[in-house]
Asks: 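I'd like to ask some things about the structure below.
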Amino acid sequence: MKLAAVILTRNEQSHIVDCISSVRFADHILVFDSLSTDKTVSLAEAEGAQVIQHPFENYASQRNAALSAAAPFVDWVLFVDADERVTPALAAEVREKIVLPDFAGFRIPRHNYIFGKLTRGAGWYPDYQTRLLRISAAHYDPERQVHELVILTGPEGVLINPFLHYNYQTVAQFHEKQRRYTAYDARILYEQGIRPKPYTYLLQPLRHFYWRFVTLKGYRDGLHGLHLSALMAWYELQKYLTLRQILSQQGV
């Protein structure tokens, strides 16, 4: 079985070299780039990776296009984000699993480093990602443009060894991404016909905080977990305020 490591990029010059170094166990390394304007492409080429530039429409279409691009060369694809690293233990486990005939894909846990700290609670572990895919048995749902969803035509397995994910290095980066997610999620609520009640703006953030900090054990990360749980509760509020704005614009 041949394996390609596929790295989706957009202005990832600070991560790309280390990411490529962590996936050299693969038979083929493909950097699928969304028209970067920094040194991502030149650095990737210098590291020996194949680079394909493809305009970005949404995450689902980008990953489907990358699967199609890798199909002539390999049987399996391991999607790795530029800010993720594959450990030697995970690399060995991937090699071991792709020879199994019955599986269409595998979920992989992640160790998320947020603001430089390994985060084990508040929903950031095990944080499974379906990223190891048999090309002939996998595609992404085109209706799920963010928080993309893999559709497999066969059984899915689970790996033990995690990615290392250097996620949200700064609070500013966290806020930037959460604002994008909030706008997208509010639009989904609108399309589902959700109409917030006056109490929604208080209860939903409180429920979300409790879910993150207590149910998902954010308290295990101390003040860091408290901070993250509070931030996510704030963006739960922002989601419903954005929904209210959409409804007002539509005259509802």
Side-chain angles (χ1 to χ4, degrees), residues 1-10 12 15-16 19-36 40-41 44-45 47-111 126-165:
M1 292 286 106
K2 294 291 186 180
L3 170 73
V6 176
I7 308 168
L8 301 187
T9 57
R10 167 69 180 177
E12 294 286 358
H15 284 293
I16 192 60
C19 185
I20 289 174
S21 295
S22 77
V23 296
R24 292 199 181 280
F25 69 96
D27 301 294
H28 189 76
I29 300 174
L30 171 61
V31 172
F32 206 72
D33 183 72
S34 304
L35 307 181
S36 290
T40 298
V41 169
E45 290 175 338
E47 292 297 311
Q50 179 191 10
V51 177
I52 295 177
Q53 291 195 290
H54 187 274
F56 184 88
E57 296 181 20
N58 57 65
Y59 288 104
S61 65
Q62 198 75 354
R63 290 192 187 275
N64 280 329
L67 282 173
S68 296
F73 308 105
V74 297
D75 309 286
W76 286 82
V77 156
L78 175 65
F79 276 110
V80 184
D81 288 349
D83 59 359
E84 295 173 340
R85 307 290 179 264
V86 177
T87 66
L90 176 55
E93 189 178 11
V94 166
R95 278 295 185 191
E96 174 186 313
K97 297 300 185 184
I98 62 174
V99 300
L100 301 178
D102 297 330
F103 290 93
F106 290 88
R107 291 192 297 159
I108 303 174
R110 290 198 296 191
H111 277 168
D127 190 25
Y128 285 111
Q129 306 291 314
T130 303
R131 296 282 197 78
L132 182 58
L133 309 176
R134 188 188 297 271
I135 293 179
S136 62
H139 71 279
Y140 286 82
D141 182 355
E143 300 300 318
R144 287 282 295 272
Q145 298 179 3
V146 179
H147 311 307
E148 57 272 29
L149 175 67
V150 183
I151 297 175
L152 301 175
T153 57
E156 180 181 27
V158 180
L159 302 192
I160 296 173
N161 293 284
F163 285 119
L164 304 183
H165 186 203

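Here, residue 1 is the first one in the sequence, and each next residue gets the next number. All heavy atoms count here, side chains included; hydrogens, waters and symmetry mates do not.
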Asks: Going from CD1 on I7 to CD1 on I16, what distance comes out if it is rounded to the nearest 0.5 angstrom?
Replies: 4.5 Å
Asks: Looking at CG of L133 and CG of L152, how far apart are the two atoms once the value is rounded to the nearest 0.5 Å?
Replies: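 Reported to 0.5 Å precision, the distance equals 6.5 Å.
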Asks: Provide the closest heavy-atom pair for A137 versus A104 in the form atom of the first, atom of the second, distance.
Replies: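 Where A137 meets A104 most closely, the heavy atoms are CB-CB, 3.6 Å.
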Asks: Between V94 and V86, is any pair of side-chain heavy atoms under 4.5 Å apart?
Replies: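 Sidechains of V86 and V94: no contact.
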Asks: Please round to the nearest 0.5 Å and tell me the distance separating atom CG of L149 and atom CZ of R63.
Replies: 12.0 Å
Asks: For V150 versus A138, what's the shortest heavy-atom pair and its separation?
Replies: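 Closest pair (atom of V150, atom of A138, distance): CG1-CB, 4.4 Å.
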Asks: How close do V6 and A70 get, counting heavy atoms only, and between which atoms?
Replies: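 For V6 and A70, the tightest heavy-atom pair comes out as CG2-CB, 4.5 Å.
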Asks: Side chain of R134, backbone of F103: donor and acceptor closer than 3.5 Å?
Replies: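 A pair under 3.5 Å: yes.
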Asks: Between A69 and F32, which heavy-atom pair has the shortest distance, and what is it?
Replies: CB-CE1, 3.9 Å
Asks: If we ignore hydrogens and angles and just use 3.5 Å, is the side chain of R10 paired with the main-chain N or O of L35 as donor and acceptor?
Replies: yes
Asks: Please give me the minimum heavy-atom distance between P109 and Y128, naming the atom from each residue.
Replies: N-CD2, 3.6 Å
Asks: So, are D27 and R95 salt-bridged, with charged N and O less than 4.0 Å apart?
Replies: yes
Asks: Which is it for L67 and F79 under the side-chain contact (heavy atoms from CB on, under 4.5 Å) test, yes or no, and what are the steps along the way?
Replies: CA-CA 9 Å; L67 282 173; F79 276 110; 3.9 Å; yes
Asks: Assess the residue pair D81 and R131 against the criterion (side-chain contact (heavy atoms from CB on, under 4.5 Å)); give the C-alpha distance rounded to whole Å, side-chain angles, the decisive distance to 0.1 Å, and a yes or no.
Replies: CA-CA 10 Å; D81 288 349; R131 296 282 197 78; 3.2 Å; yes
Asks: Can any side-chain N or O of N58 pair as donor or acceptor with the backbone N or O of S61 at less than 3.5 Å?
Replies: yes
Asks: When the side chains of residues 48-55 are checked against the rest of the protein, which donor-acceptor pairs come out under 3.5 Å, sequence neighbours left out?
Replies:
unit_1, atom_1, unit_2, atom_2, d
Q50, OE1, H28, NE2, 2.6
Q53, NE2, D33, OD2, 3.0
H54, ND1, Q62, OE1, 3.1

Asks: Has the side chain of N64 got a donor or acceptor atom that lies under 3.5 Å from a matching backbone atom of Y140?
Replies: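 Checked: pair present.
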Asks: Which value, rounded to the nearest 0.5 Å, describes the distance between D141 atom CG and I151 atom CD1?
Replies: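 It is 4.5 Å, given to the nearest 0.5 Å.
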Asks: Are V74 and L3 packed together at the side-chain level, in the sense that at least one heavy-atom pair is separated by less than 4.5 angstrom?
Replies: no
Asks: Show me, pair by pair, the donor-acceptor contacts under 3.5 angstrom made by side chains of residues 157-165, not counting sequence neighbours?
Replies:
unit_1, atom_1, unit_2, atom_2, d
N161, ND2, E93, OE1, 2.8
H165, ND1, R110, NH1, 3.3
H165, ND1, N112, OD1, 2.6
H165, NE2, D83, OD1, 3.2
H165, NE2, D83, OD2, 3.3

Asks: For S68 and P72, which heavy atoms make the closest approach, and how far apart are they?
Replies: O-CD, 3.5 Å
Asks: Please verify the inter-ring angle class for F56 with Y59; under 30° counts as parallel, over 60° as perpendicular, anything in between as tilted.
Replies: perpendicular
Asks: Using distance alone, with no hydrogens and no angle criterion, decide if R85 and H111 have a side-chain donor and acceptor under 3.5 Å apart.
Replies: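 Short answer, no.
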Asks: Please round to the nearest 0.5 Å and tell me the distance separating atom CH2 of W76 and atom CD1 of I135.
Replies: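 Between W76 CH2 and I135 CD1, I get 10.0 Å after rounding to 0.5 Å.
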Asks: Are the side chains of V31 and I20 in touch, meaning some heavy atoms are under 4.5 Å apart?
Replies: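 Counting from C-beta outward, V31 and I20 do come under 4.5 Å.
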